[in-house]
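Written below as structure tokens is the structure these notes are about.
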Amino acid sequence: MAAVLAWLVVLPALGATDSTLFTMTLMFTSVAVAINWNLTGGFTGYVDFGHAVWFGLGAYATTILMSLQANSLGIGWPPIPAIVAGAVVAGVLAGLIGRATMRLRGPYFSIAMLGTFVAMREIVRTWGGLTGGGVGLTLPPYLNRQLFYYLELVLVVGLIALTWRLRRTRFGAALVAIREDELGAGTRGISTTRLKVAVFSFAGASTGLFGGLWAYQNTFVDPDIAFTEVRTIDAVMGTLLGGLGTVAGPVVGSVALYWLREVLWANLLDYHLVAQGVLLIVIVLLAPRGIVGAFDRRGTSLLRLWRRQPAAVPDAADGGADAHGAEHTSDAANDDVETRSTEHTSDAADGHAGADTSDRAPERTAAPVVLQGRGIVKRFGGLTAVDRVDIEVSGGEMVGLIGPNGSGKTTLFDCLSRVQSLDAGTIRLDGADISRLPPHRVARLGVSRTFQIIRVYRDLTVRENLELSIQWGRVGLRGLFSRTDGETRRRAERLMEFLLLAPLADEPAGTLSGGQRRLLEIGMALMSEPRLVLLDEATAGVNPSLVEDIKDRLRAVNSEQGVAFLLVEHNVQFVADLCDRVVVLDAGGKLAEGTPSQIMDDPAVIEAYFGAPGRERSDPRGEGNGAEQ
């Protein structure tokens, strides 16, 4: 790398012609556009098919400002201020448009940005009084090609260094978290919208800066050359060829693609674009991680990003409670772990029930109420998934939330963590109304959660997953752009030891078994030092040998750190062993509340689980002999 940079620095002194320097600056421009595209497409996972719109806006804004003097207005701007102003225009518009379009995901975002690109090009074409319309605008030629060459070289090297540094800060890590699991990142305190729009705006401004430089060098712009789809295609292809989501990938791929395109153009003049299209297909199918991505686990695949849909909301047809049960089974099977049901039952019957719960009394008066929900209602179309539910959890308390499939447990969790909006009711945290706060704000107030379907950042290591799950409300602007601090690293190390994950610290989370990933997700919930954890099916898809480990760790965290838990579980004995109080939901409403022993002997609860009373089925403890044959 140092040798290449040294060669680029001395190239003009080696007798390079103006034509060579002109070609090199065009290559620098291609590299810069690809790097900026990668910030959005590779780091955050938002595949932008209209990225060249910022290049065109920067080019036109620069040209209009510089050509005012040529239009006899006498107020034409010098080159440098005009180019900077063009970058600012592109960045501001990117921020405004990004705030609207980045609510979308997958192909919907890509199509929206492609539409933005086409619309902006037609606006420029028809606004002839300012932009020159289809005729375009002309600038006076610049004289010093060597100076321009060095200016672009410095800017490109600076952009590469900035990207490298950014990827190693909390900001860059948070962008990758958004790419891996945006919903999970939001519920762990990351302000996903702000970070997405910030990086999108920066990428737009940086691309607009190089658009202005290109316009000044080209001395002429019109809609067809400033707003050309080929520029976006080149950025996508260069990034894919080098390695999507890596720092060096866009640089390596864009340089290789630039010279390859020159060869194709020289030998296949009429078909060089066809050859580029075929090359793109080959890259996506045969080398999705690119040149650099093949050696860097941070690389990813365009198809994986583009096909990824927004995180699924609970299925209204199932009451929102267990909409993804089949996916649990598949997920567990892929990691060679056994699912729950009979294993959990036998586990409880074999003596893992723990302390006797028959005489246990609720202790919720021992501490002030942390979380309180009153009259919570959530509807999906004509189906009421949660129907006027009241629930509360006191400090240091462990409360179980159980009910048959489709009873609304997970939907209630989504409401409490603000993943879902409420149709009625209120939620209070330490007495303050949080009913309308976004998920990241609720997380920063001390509420963390896990999910029915395990949500970890699969392409990141165990250590990186934990270090990303900090209390983001304490980070601040300076901490956002710095590396992980020593205290965070030490806390992550302690949690890995506590959760038996230390030997796997540097393994990608996607390689762990289902039980290990569940432990990791619990660790991520605890990493932010929460006051309350919403724990959704901690034993789902987990090998029974790890169930006791999970139980022991939860009990230790509750007793030693005073963390309160609200647990959704199908393994009722697991709840009985841990919780002093149990709430039962059925058909979206609260059916019963009391101690575990009271709940297990409640005829209404037994009927809700197993149908009409009197049939010889196992009881909710999981200790019976099975259904009548």
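This structure is a prediction, so every number in the text was calculated from the model and none was measured.
- Comment: K551 engages E548 in a salt bridge, judged by a side-chain N to carboxylate O separation of less than 4.0 angstrom.
- Between the side chain of E569 and the backbone N or O of T539 there is at least one donor-acceptor pair closer than 3.5 Å.
- Among pairs with a residue in residues 185-201, those fulfilling salt bridge (charged side-chain N to carboxylate O under 4.0 Å, His left out) read E182-K196, at least two apart in sequence or across chains.
- Cation-pi geometry between R105 and Y108 is not met at under 6.0 angstrom from the ring centre and within 45 degrees of the axis.
- One finds the OG atom of S448 at 12.0 Å from the CE atom of M527 (value rounded to the nearest 0.5 Å).
- Under the 3.5 Å distance criterion, the side-chain polar atoms of R444 are matched with a main-chain donor or acceptor of G189.
- For A177, the side chain to side chain contact (heavy atoms under 4.5 Å, CB included) test picks out A185, I190, Y457, L468, with sequence neighbours left out.
- Judged purely by atom type and a 3.5 angstrom limit, Q516 has no side-chain atom pairing as donor or acceptor with the backbone of L501.
- Judged by distance alone, with hydrogens and angles left aside, the side-chain atoms of E521 form a donor-acceptor pair with the main-chain N or O of R455 at under 3.5 Å.
- The line from NZ of K409 to CG of D414 is 12.5 Å long, rounded to the nearest 0.5 Å.
- Side-chain atoms of D433 and T426 include no donor-acceptor pair closer than 3.5 Å.
- Annotation: cation-pi pair K378/F380 present, NZ/CZ under 6.0 Å from the ring centroid and within 45° of its normal.
- Atoms CG and CG, from L535 and L526 in turn, are 8.5 Å apart once rounded to the nearest 0.5 Å.
- For R103, the CZ atom counts as loosely surrounded, since its 6.0 Å shell holds 12 or fewer non-hydrogen atoms of other residues, nucleotides or ligands.
- Among residues two or more places apart in sequence or in another chain, the salt bridge (charged side-chain N to carboxylate O under 4.0 Å, His left out) test is passed with R441 by none.
- Looking at Q471, its side chain never comes within 3.5 Å of a backbone N or O of E529 through a donor-acceptor pair.
- Under the 3.5 Å distance criterion, the side-chain polar atoms of K590 are matched with a main-chain donor or acceptor of D390.
- Of the charged side-chain nitrogens involved, at least one lies within less than 4.0 Å of a carboxylate oxygen, so that R449 and D536 count as a salt-bridged pair.
- A donor-acceptor pair under 3.5 Å is formed between the side chain of R418 and the backbone N or O of Q420.
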